[in-house]
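Note sheet for the following structure.
The chains referred to below are lettered A, B, ... by the order of the sequence lines, with proteins before strands, and numbering in each begins at 1.
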2 protein chains.
Amino acid sequence: MVKKSPSGPRREESLSRERIIDASIALLDEAGESGLTFRALSQKLATGPGAIYWHVANKSELVTAACDTIVARAMSAQLADATPEATIRAIALGMFDAIDAHPWVGSALAHAPGQLPAVRILERIGQQIRMLGVPRDDEWTTVSALLSYILGVGGQNAANAQFAQTEGLNRPAFLESVANTWSELDPAEYPFARSVATQLSGHDDRADFLTGIDLILKGIGKSYAQQ
Amino acid sequence: MVKKSPSGPRREESLSRERIIDASIALLDEAGESGLTFRALSQKLATGPGAIYWHVANKSELVTAACDTIVARAMSAQLADATPEATIRAIALGMFDAIDAHPWVGSALAHAPGQLPAVRILERIGQQIRMLGVPRDDEWTTVSALLSYILGVGGQNAANAQFAQTEGLNRPAFLESVANTWSELDPAEYPFARSVATQLSGHDDRADFLTGIDLILKGIGKSYAQQ
DNA sequence: ACCTGAACACCGTTCAAGT
DNA sequence: ACCTGAACACCGTTCAAGT
């Protein structure tokens with residue numbers, strides 16, 4: 001088949017959906033959620049704000065597309081010969097690390113339920129759940145619990161990172177300031193929060209996240225004993 | 001002690017932090033997240049935008065305060081003579097219903113981790129976890145898993161409601177449109193999402209949410225068998 | 001002490017006009 | 001078909017000026 005390509009040599013600099021998304025990711029990584037602006041973006045791409053609308057419907061679609069690029073990358077990592085549980089843990093950790101590296105992905109995911117990025121995660125987890133002996137009727141609920149937990153932790157991590165950035169603090173300093181606030185709460189009303197405040201700064205978020213995943217997996221195992 | 005009150009009869013109409021927060025809640029309930037504007041708010045309160053800044057530092061603080069009012073209300077419900085598990089379920093359901101009634105609370109919670117609203121939930125759950133025989137060193141991780149799950153589901157529900165409202169759809173219609181999108185995905189790449197799409201619209205979000213809570217509680221029970 | 005409202009420095013999005 | 005960039009209709013926030 002003869003390729004009837006339109007004409008001329010493709011200019012590397014010409015605008016395209018892909019270039020716009022790549023520039024958006026760079027902007028979001030550099031300056032956070034509030035850094036992505038059609039004006040900043042068009043400047044980075046050496047064009048006008050209106051040009052971007054030729055390739056992208058609106059800002060919401062742009063953020064979702066940027067998010068999807070990161071999620072697709074994280075979900076493409078495969079590991080063979082692992083148990084379903086181990087694979088689910090790996091998928092979850094992959095998302096944790098992706099959100100850690102790109103905090104804006106956490107809030108983008110939270111704001112676009114049912115969209116492609118979330119479906120990618122759902123699909124990979126779902127395929128593993130099928131192997132765990134969960135009855136068909138309970139598949140959705142089970143997968144949805146895991147997905148919600150992942151998105152919940154991701155969203156909180158994203159908010160922490162954004163808050164710390166806004167305040168000009170690094171993560172340890174931010175956690176310490178939260179711990180301080182909690183220590184000053186009314187002892188009669190907030191005994192638990194106060195006592196747990198001291199543990200806060202020392203903890204490993206990644207390990208905590210994984211413990212939560214294991215808790216849910218244990219619950220699934222207890223509900224649907226497999227042979 | 002003699003009360004040296006400033007002067008004159010308090011005008012019912014005078015501005016106050018409380019009146020501002022109440023008006024904000026009303027605005028958020030009526031028009032969603034994007035409905036809360038300093039201009040709309042000042043119009044509702046028959047004042048200027050600048051006046052609000054005398055009582056409230058900025059928009060972020062205002063939203064958090066509005067969120068806290070709803071959360072405090074939801075957390076104040078007490079039930080006596082219940083097992084820790086039953087109490088945790090009740091706390092979780094209370095938050096689910098609060099977010100269902102005020103979707104903006106879901107995203108407000110997600111954006112303000114470590115702030116008072118989240119700590120209220122953390123505290124109530126934490127007190128129950130103490131009664132479940134979870135070792136001190138694992139308290140934070142356990143409570144944090146439950147809280148993340150609640151915030152995750154809440155955030156997704158909020159996003160669903162907001163999306164549906166933006167699109168001018170009711171919830172069933174919105175879920176159906178999501179299910180339709182999923183059914184059209186590539187069968188080779190998305191077998192699970194496609195097969196689960198049909199189950200989507202029929203499901204009870206509240207029941208699913210509770211199943212997730214039970215999954216985590218089962219996991220906790222399995223980890224720390226109590227006598 | 002508290003309120004007013006114009007002004008500032010931004011936004012996302014549109015659209016006539018260009019090539 | 002694709003790009004330009006001025007213009008529109010908004011924002012949150014500030015601040016001199018009032019009472």
Side-chain angles (χ1 to χ4, degrees), chain A residues 4-21 23-24 27-28 30-67 104 107-108 111-112 162-163 165-167, chain B residues 3-21 23-24 27-28 30-67 104 107-108 111-112 162-163 166-167:
Chain A
K4 229 211 285 188
S5 63
S7 76
R10 272 214 222 160
R11 286 197 302 133
E12 194 107 85
E13 302 88 7
S14 87
L15 222 47
S16 70
R17 197 166 206 273
E18 205 196 349
R19 279 198 67 223
I20 292 172
I21 291 171
S24 300
L27 219 38
L28 287 161
E30 291 160 18
E33 284 177 64
S34 65
L36 180 61
T37 287
F38 276 81
R39 280 164 182 84
L41 190 57
S42 61
Q43 197 191 339
K44 195 168 197 132
L45 292 165
T47 179
I52 295 163
Y53 280 89
W54 187 263
H55 299 92
V56 151
N58 50 43
K59 187 174 180 177
S60 161
E61 190 200 290
L62 180 55
V63 173
T64 302
C67 172
W104 53 271
S107 49
H111 286 113
Q162 201 200 346
F163 208 81
Q165 190 188 334
T166 307
E167 225 79 344
Chain B
K3 248 208 235 158
K4 228 211 286 189
S5 63
S7 77
R10 271 213 223 162
R11 288 197 301 135
E12 195 107 87
E13 302 88 5
S14 87
L15 222 47
S16 70
R17 196 165 206 273
E18 205 196 348
R19 279 197 67 223
I20 292 172
I21 291 171
S24 300
L27 219 39
L28 287 161
E30 291 160 18
E33 284 177 65
S34 64
L36 180 61
T37 287
F38 276 81
R39 279 165 182 83
L41 189 56
S42 61
Q43 196 190 340
K44 194 167 199 133
L45 292 166
T47 180
I52 295 163
Y53 281 89
W54 185 262
H55 298 92
V56 149
N58 50 43
K59 188 174 182 178
S60 161
E61 190 200 291
L62 180 56
V63 174
T64 302
C67 171
W104 52 272
S107 48
H111 286 113
Q162 200 201 346
F163 207 82
T166 307
E167 225 79 343

(Q) Without decimals, in angstroms, what is the distance between A:Arg17 CZ and D:dA1 C1'? (A) 17 Å
(Q) Output the rounded distance in Å from NZ (B:Lys59) to C1' (D:dC10). (A) 12 Å
Q. To the nearest angstrom, how far is A:Gln43 atom CD from C:dG12 atom P?
A. 14 Å
Q.
How long is the straight-line distance from OG of A:Ser42 back to CD1 of A:Ile20, given to the nearest 0.5 Å?
A. 10.0 Å
Q.
Please encode protein proximity along nucleotides 14-19 of chain D as a string of B, S and -, counting only heavy-atom distances under 4.0 Å.
A. BB----
(Q) Test of understanding: with salt bridge (Lys or Arg N to Asp or Glu O under 4.0 Å), list the residues that count as partners of B:Glu30, not counting sequence neighbours. (A) B:Lys44
Q.
What is the distance, to the nearest angstrom, from the CG atom on B:Leu45 to the C1' atom on C:dC2?
A. 15 Å
Q. Where each pair must be Watson-Crick or G-U wobble with both distances under 3.5 Å, what dot-bracket representation of DNA chain D is obtained, with crossing pairs in [ ] and other-strand partners as |?
A. ||.|||||...|||||.||
Q: Could you tell me which non-hydrogen atom of A:Leu27 sits nearest to which non-hydrogen atom of A:Gly35, and how far apart they are?
A: CG-O, 3.6 Å
Q | Short side-chain N/O contact to D:dC3 OP1/OP2 from A:His55, under 4.0 Å | A | yes
**Q.** Interatomic spacing from CD in A:Gln162 to OG in A:Ser107 - rounded to 0.5 Å
**A.** 6.5 Å
Q) Whole-Å distance between D:dG5 C1' and A:Arg39 CZ? A) 10 Å
Q.
Rounded to whole Å, how long is the line connecting atom CG of A:Leu15 with atom C1' of D:dC3?
A. 8 Å
Q | Minimum-distance nucleotide to A:Asn58 side chain [options: C:dT13, C:dG12, D:dG12] | A | C:dT13
Q: Rounded to the nearest angstrom, tell me the gap between atom CZ in A:Phe38 and atom P in D:dG5.
A: 17 Å
(Q) Any base atoms under 4.0 Å from A:Ser42, or only sugar-phosphate, or nothing? Heavy atoms, all strands. (A) nothing
**Q.** Side-chain N,O (B:Trp54) to OP1/OP2 (C:dC3) below 4.0 Å
**A.** no
**Q.** pair B:Leu41-B:Ser24: side-chain heavy atoms closer than 4.5 Å
**A.** yes
Q | Under 3.5 Å donor-acceptor, A:Thr37 side chain and A:Ala40 backbone | A | no
**Q.** Sequence neighbours excluded, every pair satisfying side chain to side chain donor-acceptor pair (under 3.5 Å) that has a member inside residues 49-60 of chain A
**A.** none
Q: Describe the nucleic acid contact of B:Leu36 in one word from base, sugar-phosphate, nothing, applying a heavy-atom distance below 4.0 Å.
A: sugar-phosphate
Q) Who pairs with B:Arg17 by salt bridge (Lys or Arg N to Asp or Glu O under 4.0 Å), at least two apart in sequence or on another chain? A) B:Glu61
Q. Nearest-Å distance, CD1 (A:Ile52) to P (D:dG5)?
A. 13 Å
(Q) Under the rule for salt bridge (Lys or Arg N to Asp or Glu O under 4.0 Å), what residues qualify as partners of A:Glu167, not counting sequence neighbours? (A) none
